[in-house]
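So the structure is just underneath, and the comments pick up after that.
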2 protein chains.
Amino acid sequence: MRLTTKRRYALNAVLDLALQPRGCAVSLKEISDRQKIPLAYLEKLFRKLRQSEVVKSVRGAAGGYLLTKNASELTVADVVAAVEEHELDRNHCSGFCNCNEHMPCLTANLWKELNRTVYDFLNGITLEELIRKIRHEKQ
Amino acid sequence: MRLTTKRRYALNAVLDLALQPRGCAVSLKEISDRQKIPLAYLEKLFRKLRQSEVVKSVRGAAGGYLLTKNASELTVADVVAAVEEHELDRNHCSGFCNCNEHMPCLTANLWKELNRTVYDFLNGITLEELIRKIRHEKQ
DNA sequence: ATTATACCAGACTAAAATAGTCCGATATGA
DNA sequence: TCATATCGGACTATTTTAGTCTGGTATAAT
């Protein structure tokens, strides 16, 4: 799984949000400035993050975004999956896996396991852990 | 990591090769027919597989390809890495990771660990194991 | 020798995924 | 009522992936 700018943006933006004092909504303008992410693109990403209930929004002036849960209850997998265009696991074999009498369909199964491994890895890391790292490194 | 057709083709083709009796070279034409992979594309893939010393070639009529090692000494990671256009781990942070005073560069580090995990997974599976699965499923 | 078969190399094109923009809404605090 | 935000979707640009095309070289068989 590549670290695309989309994933990096999403993670950095959500972490930026998580780093701000809880309770008050953070505007995308702020995040855009701090993280150097194009505002329009950030809006697109946060639409998905909201639909996946990683964040919730406050509309209107002084509006912005808030995490829906504690940083300890959100994982990297939540954030990454939210901004994914296609579902994370689209390696299903539906006639396209070249299975035939000489070669049963096993690459698809292999990748299913691989994706499980990747998911477990990303789901094992909470935003809180990352925040701790950030605070630690800043000293 | 997505299961692209390139990776699936490469794996299926090498497995097809590994399934043929050892010693005699297997032509891409045969593999192309059995696995339903465009011959020209297969040639392109096998060029890389040869450069990475996963296979070796025998030129001329009655020529073809052979595995360089035993199926037990080759892993899925070897095959996948061979056909990769860019190196598997290109998630390095060279000014593009948005690190700043509010956000040290940790997504890149995170992905480095993730890639390690992915590599370990793929490197833990030998072609021999896959072949065993194939033979087992055919019964 | 000649021919058919196969590998070999690189440039080229096509399609798909990613990255990002643009425009015009709607909501709301000041 | 205005400035500041979120919203939604269509649009474009760029990059990656997928695959083709052309022409070459090696070699076993005829």
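Values in this document were obtained by computation on a predicted structure and should not be read as measured data. These numbers come from the heavy atoms of this one structure, side chains and all, not from hydrogens, waters or symmetry mates.
- Proximity note for A:Tyr41 (side chain, C-beta onward) versus C:dC8, C:dG20, D:dA28: the nearest is C:dG20.
- Side-chain atoms of A:Glu85 lie closest to C:dT18 of the nucleotides C:dT18, C:dC8, D:dT20.
- For B:Ser57, whose side chain is taken as the heavy atoms from C-beta onward, the closest listed nucleotide among C:dG20, C:dC7, D:dT27 is C:dC7.
- C:dA19 atom C1' lies 13 Å from atom CG of A:Leu42, rounded to whole Å.
- Across the protein-nucleic acid pair, A:Tyr65 atom OH and C:dT28 atom P stand 14 Å apart, rounded to whole Å.
- Of the candidates C:dA19, D:dC21, C:dC22, D:dC21 carries the atom nearest the B:Ala40 side chain, counting heavy atoms from C-beta on.
- Among C:dT5, D:dT6, D:dG19, the nucleotide with an atom closest to any side-chain atom of B:Ala61 is C:dT5.
- Closest to the B:Ala62 side chain, of the nucleotides C:dA11, D:dA28, C:dA9, is D:dA28.
- Minimum atom distance to the side chain of A:Arg59 is reached by C:dA27, of the listed C:dG10, D:dA28, C:dA27.
- Taking the side chain of B:Thr4 as heavy atoms from C-beta on, and the options D:dA18, D:dC7, C:dT21, the nearest nucleotide is D:dA18.
- The residue among A:Arg47 and A:Val58 whose nearest nucleotide of DNA chain D is located toward the 5' end is A:Val58.
- Between the P atom of D:dT17 and the CZ atom of A:Arg2 lies a distance of 6 Å, rounded to the nearest Å.
- In this structure, CG of B:Leu45 is placed 14 Å from C1' of C:dC7, rounded to the nearest angstrom.
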